[in-house]
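These notes are about the structure you will find just below.
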Amino acid sequence: YSSIKKSITKEFKKFSLISLKKKTSGQASTLLKIKKKINHNEDVFVTSNDMYFKYDKKKFNKLVKSKNNVVFVTKPSKYMLANPQYFGWVRHSNNIAKLFSIKKKFKSVKKNDSVIIGSFYFNKFEDFVQYFNFLKKRKGRVNKEYYIDSVIEQISFNKKVVVLPVSSLINWGTPTEYEKNNDLKS
């Protein structure tokens, strides 16, 4: 715990680590645990801890200033195409999310289909809370879990969600990817 905190302190001035006592019903349920610790009008950046990625920070900062919700994506690799059940997918036009497919790829893969890497920016935490509650009300679980991918999909029905492609990605999220990438140095 202290080594994680030390690493994060190097990169971020303002952060908070929260320890959970029991398993939640998915990523989105886990994120909801901070609802009493954060101003719901504040923005929030959420990322998975089983990867490393690079992105265009200037472009991201412009998106933040223009109050957009953002989903970080990558082009599908051969592994991702062969194992779509491990990933969220988004079809986009001019970097605006149009259609999502959670834990299964689209019937036909198109040029503008990307894989969600597990990193998101919500310009207001309240958007996340509101759309998660809507998802929960309609029992929108995938594989018995609530995914953040599903929440951002719900947001996209009423608000703009911008797709931000990453320039590089090292993923350790599945056993195969871990074996392939565990020797890489960043």
Side-chain angles (χ1 to χ4, degrees), residues 24-32 43-57 59-60 63-64 68-123 127-181 184:
T24 68
S25 56
Q27 303 164 328
S29 299
T30 302
L31 181 56
L32 195 65
D43 59 339
V44 63
F45 179 83
V46 182
T47 191
S48 175
N49 65 354
D50 59 1
M51 68 176 159
Y52 170 83
F53 65 98
K54 291 183 182 179
Y55 62 95
D56 184 330
K57 290 180 182 169
K59 191 182 251 184
F60 175 68
L63 294 171
V64 168
N68 288 292
N69 292 296
V70 180
V71 58
F72 291 78
V73 300
T74 189
K75 291 275 183 209
S77 66
K78 288 179 186 177
Y79 178 80
M80 292 168 175
L81 289 168
N83 297 280
Q85 71 276 14
Y86 296 135
F87 306 98
W89 299 75
V90 61
R91 183 165 287 161
H92 50 93
S93 176
N94 297 319
N95 289 334
I96 305 300
K98 299 294 182 187
L99 186 63
F100 289 79
S101 183
I102 313 303
K103 303 303 179 190
K104 60 184 177 187
K105 71 181 174 191
F106 297 108
K107 290 185 187 203
S108 62
V109 178
K110 296 187 178 177
K111 182 179 141 189
N112 285 341
D113 291 351
S114 296
V115 173
I116 299 168
I117 67 165
S119 294
F120 308 87
Y121 171 80
F122 297 95
N123 85 53
D127 286 345
F128 171 81
V129 173
Q130 177 186 346
Y131 287 92
F132 173 76
N133 287 333
F134 175 76
L135 189 69
K136 224 174 148 181
K137 208 177 281 184
R138 59 175 268 276
K139 299 183 184 345
R141 291 182 192 227
V142 176
N143 300 331
K144 300 179 183 175
E145 289 187 51
Y146 292 109
Y147 289 99
I148 298 173
D149 308 35
S150 299
V151 176
I152 203 85
E153 175 186 30
Q154 293 302 308
I155 290 172
S156 77
F157 295 143
N158 296 305
K159 297 180 178 212
K160 184 165 67 169
V161 173
V162 178
V163 170
L164 184 60
V166 299
S167 54
S168 68
L169 172 69
I170 299 171
N171 195 342
W172 301 282
T174 66
T176 301
E177 290 171 312
Y178 177 80
E179 290 299 320
K180 177 182 161 198
N181 296 321
L184 297 176

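For the single chain, residues carry numbers from 1 onward in sequence order.
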Can you tell me how far apart [atom1] ([X]) and [atom2] ([Y]) are? Round to the nearest 0.5 Å.
{"X": "S48", "Y": "I148", "atom1": "OG", "atom2": "CD1", "value": "9.0 Å"}
{"X": "N112", "Y": "L99", "atom1": "CG", "atom2": "CG", "value": "12.0 Å"}
{"X": "F87", "Y": "Y147", "atom1": "CZ", "atom2": "OH", "value": "11.5 Å"}

Does any non-hydrogen side-chain atom of [Y] lie less than 4.5 Å from one of [X]?
{"X": "V73", "Y": "L164", "result": "no"}
{"X": "Q85", "Y": "N83", "result": "yes"}
{"X": "D113", "Y": "K110", "result": "yes"}

Worksheet entry | Side-chain (T74) to main-chain (V166) donor-acceptor, under 3.5 angstrom | no

Item to complete: Examine distances only and state if a side-chain atom of N123 and a backbone atom of D43 form a donor-acceptor pair shorter than 3.5 Å.
Response: no

Fill in: Pairs flagged by side chain to side chain donor-acceptor pair (under 3.5 Å) wherever residues 92-106 is involved - sequence neighbours left out
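Matches after skipping sequence neighbours: H92-S114.
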
Indicate the atoms forming the closest heavy-atom contact of [X] with [Y], along with that distance.
{"X": "S25", "Y": "R141", "result": "CB-NH1, 3.8 Å"}
{"X": "M80", "Y": "W89", "result": "O-CZ2, 3.6 Å"}
{"X": "S150", "Y": "V142", "result": "OG-CG2, 4.0 Å"}

Practice prompt. Run the numbers on I116 and F100 for side chain to side chain contact (heavy atoms under 4.5 Å, CB included), then give the verdict.
Written response: CA-CA 10 Å; I116 299 168; F100 289 79; 3.8 Å; yes

Worksheet item: Out of F120, Y121, F72, which residue meets the ring-ring contact (aromatic ring centres under 6.0 Å, His included) rule with F45?
Response: F72

Item to complete: Hey, can you tell me if F60 and Y55 have their rings parallel, tilted or perpendicular (30° and 60° cut-offs)?
Response: perpendicular

Discussion item. Please determine whether side chain to side chain contact (heavy atoms under 4.5 Å, CB included) holds for the pair D149 and Q27, giving the CA-CA distance in whole Å, both sets of side-chain angles, and the decisive distance to 0.1 Å.
Written reply: CA-CA 9 Å; D149 308 35; Q27 303 164 328; 3.8 Å; yes

Item to complete: In sequence, state the C-alpha distance, the side-chain angles, and the governing distance for I96 and V162, and then conclude on side chain to side chain contact (heavy atoms under 4.5 Å, CB included).
Response: CA-CA 5 Å; I96 305 300; V162 178; 4.1 Å; yes

Residues 127-139 side chain polar contacts: donor-acceptor under 3.5 Å, at least two apart:
from : atom 1 : to   : atom 2 : distance (Å)
D127 : OD1    : K159 : NZ     : 2.9
D127 : OD2    : K159 : NZ     : 3.4
Y131 : OH     : N158 : ND2    : 3.3
N133 : ND2    : V129 : O      : 3.2

